[in-house]
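Notes follow the structure.
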2 protein chains.
Amino acid sequence: MNIRENIRPGGRSARVQASVHKAVRDLLSKMDRNEVTIPLIATEAGVTPSTIYRRWGDLQELLADVAVERLRPDAPPKDTGSARSDLEHWAEQYADEMASGPGRAMIRDVLSSVGADTRNAGKCCGYTREQVQAIAERARDRGEEFPDVETVIDEVVAPIMYRILFDDAPPTSAKVLSLVERLFPQRR
Amino acid sequence: MNIRENIRPGGRSARVQASVHKAVRDLLSKMDRNEVTIPLIATEAGVTPSTIYRRWGDLQELLADVAVERLRPDAPPKDTGSARSDLEHWAEQYADEMASGPGRAMIRDVLSSVGADTRNAGKCCGYTREQVQAIAERARDRGEEFPDVETVIDEVVAPIMYRILFDDAPPTSAKVLSLVERLFPQRR
DNA sequence: CACTTAAAAGCAAATTATTTGCTTTAGTGA
DNA sequence: TCACTAAAGCAAATAATTTGCTTTTAAGTG
């Protein structure tokens, strides 16, 4: 078979990507985000600035790329015994993480990259959907009632995110619980 | 009274601000947003780049400043006879405007400015709240039932915005109507 | 295991954007 | 009208970005 696949060499790629990502994370933890520049990242990562420019285009794209990685959940939602409490637990944690300083900064980075190709924001939304999906599936396996995933996104995730992004006050824990409550027809 | 108020001269300010804003709007309508640079804006506006750098700091802040202005509603929500239809009408229009190319770009600009001082995103949220408030007040004057403004934000505005920002598919008209429907206890 | 290939990295010069110190201009209040 | 000061202009210095060209390196091939 000799139709040349367009998988091409480019072997150092992974290594460079890893060291650049690490450099970004390190610098971001040490200094103010608008002091971080591409030449600085390049030096820290031990690569040439032009490498970064050519691979990522600009700082925004690079920051978005790093942020998406960091926003990827590292574990499925905790199993607390019932779907409702799984969701409560997950939503509170989600709200906390996203409302934190670094969380907000990462969301901003993701949203402000235009990257029509990369669809960064879409990826984040996808991670969230997967998490909710996992809770929903556990509910089904247990034979519990559980709302549609899209409904959970509309009624729990969206308000949390809207308040974090646009409002001065991030949602309190009580607020998050009340959002979840609306989804469950009757008492506990 | 001679305690010097800290209102200081700075008279050309308004004129410069107007011409810079106009230049930004004009350029944005003519070319791709990432071809727009501060030196270009400065030339178009007939000012010096350093003036812009000193007043706005960087391109993001300037774009955010212009975007906030443009996102300000120019009229109160249309009075269509009933609160529910006012809200339906307003929400559909809001969703359309925000989901459009320019709408999305403006939201992105607003969100990606850090401006801890300016609170750009907060202003936008404020405009939205005012619009919903106006509908709510009309409802009250007519003696109609109407949900709490914050509830409308959680259940209608937030899902619309979340889907526009994070999801690939902006909300359809039917989707928007179904969001409004949930807020009204029973049939029309 | 050479050896070829092409994507990705390095390098450096050219271009462009940003910052900064100093000077000038023009509203404002006396 | 005059003095005052915030904001604008100007230009030199610095920093970031782009670009053409060369070099390196992981794969795939024989």
Side-chain angles (χ1 to χ4, degrees), chain A residues 1-24 27-28 30-66 109 112-115 117-118, chain B residues 1-24 27-28 30-66 109 112-115 117-118:
Chain A
M1 194 141 306
N2 49 12
I3 301 293
R4 200 188 280 104
E5 288 291 308
N6 51 357
I7 296 148
R8 286 291 140 60
R12 287 156 293 180
S13 279
R15 265 199 305 286
V16 167
Q17 146 132 350
S19 70
V20 170
H21 274 220
K22 176 165 167 23
V24 171
L27 289 173
L28 242 29
K30 282 192 294 214
M31 65 207 309
D32 199 55
R33 74 183 312 75
N34 37 13
E35 321 225 283
V36 175
T37 65
I38 287 190
L40 201 66
I41 294 166
T43 303
E44 177 86 9
V47 302
T48 299
S50 64
T51 294
I52 296 181
Y53 286 114
R54 285 206 244 247
R55 268 185 76 154
W56 283 276
D58 62 16
L59 185 58
Q60 293 241 292
E61 290 296 322
L62 172 54
L63 291 176
D65 194 37
V66 173
D109 289 341
S112 55
S113 76
V114 184
D117 42 319
T118 51
Chain B
M1 193 143 305
N2 49 15
I3 299 293
R4 198 189 283 105
E5 287 290 306
N6 53 359
I7 296 150
R8 286 290 139 59
R12 285 157 294 181
S13 281
R15 264 200 305 286
V16 168
Q17 148 133 349
S19 69
V20 170
H21 274 220
K22 175 164 165 30
V24 171
L27 290 172
L28 243 29
K30 281 191 295 213
M31 65 207 307
D32 199 55
R33 70 183 318 71
N34 38 15
E35 320 225 285
V36 176
T37 65
I38 286 189
L40 200 66
I41 295 166
T43 302
E44 177 87 8
V47 302
T48 299
S50 63
T51 294
I52 297 182
Y53 286 114
R54 284 204 246 246
R55 267 184 79 154
W56 283 277
D58 62 15
L59 185 60
Q60 294 243 291
E61 291 296 323
L62 172 55
L63 291 176
D65 194 37
V66 173
D109 288 341
S112 55
S113 75
V114 184
D117 43 321
T118 50

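These values consider heavy atoms only, across backbone and side chains, with no hydrogens, waters or symmetry-generated copies. Order of the sequence lines sets the chain letters (A, B, ...), proteins ahead of strands, with each chain counted from 1.
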Quick one: does Thr48(B)'s side chain have a donor or acceptor within less than 3.5 Å of a partner on Thr51(B)'s backbone? no
Partner of Asn34(A) under side chain to side chain contact (heavy atoms under 4.5 Å, CB included), picked from Asp32(A), Thr37(A), Val36(A), is Asp32(A)
Arg15(B) CZ to dT28(C) C1', straight-line distance once rounded to whole Å: 14 Å
Asp58(B) has an atom CG; how far is it from atom C1' of dT19(C), in whole Å? 13 Å
Please tell me which of the listed nucleotides, dA9(C), dG9(D), dG10(C), lies nearest to the side chain of Val47(B)? dG9(D)
Is any side-chain nitrogen or oxygen of Arg55(B) closer than 4.0 Å to OP1 or OP2 of dA6(D)? no
Does Thr51(A) have a side-chain nitrogen or oxygen under 4.0 Å from the phosphate oxygens OP1 or OP2 of dG10(C)? yes
Between P on dA17(C) and CG on Leu59(A), what's the gap in Å once rounded to a whole number? 17 Å
Is there a donor and acceptor pair, one atom on the side chain of Arg12(B) and one on the base of dA7(D), closer than 3.5 Å? yes
To the nearest 0.5 angstrom, please state how far the NZ atom of Lys22(B) sits from the CD atom of Glu44(B). 7.5 Å
In this structure, how many angstroms lie between the P atom of dA7(D) and the CH2 atom of Trp56(B), rounded? 12 Å
In whole Å, what is the span from the CD1 atom of Ile38(A) to the C1' atom of dA15(D)? 13 Å
With respect to the side chain of Ser50(A), which nucleotide from dG10(C), dA16(D), dG27(C) is positioned closest? dG10(C)
More 5' along DNA chain D: Thr37(A) or Gln17(B), using each one's nearest nucleotide? Gln17(B)
Closest to the Pro39(B) side chain: dG10(C), dA17(C), dA16(D)? dA17(C)
What pair of heavy atoms forms the shortest contact from Val20(B) to Ala45(B), and how long is it? CA-CB, 3.8 Å
When you measure only distances, ignoring hydrogens and angles, does the side chain of Arg54(A) come within 3.5 Å of the base of dG20(D) through a donor and an acceptor? yes
Calculate the interatomic distance between Ile52(B) atom CD1 and dT19(C) atom P; express it in whole Å. 13 Å
Using whole Å, report how far CD of Gln60(A) lies from P of dA16(D). 16 Å
Report the C-alpha separation of His21(A) and Asp65(A) in whole Å, then their side-chain angles, then the decisive distance to 0.1 Å, and conclude whether the side-chain contact (heavy atoms from CB on, under 4.5 Å) test is met. CA-CA 8 Å; His21(A) 274 220; Asp65(A) 194 37; 2.9 Å; yes
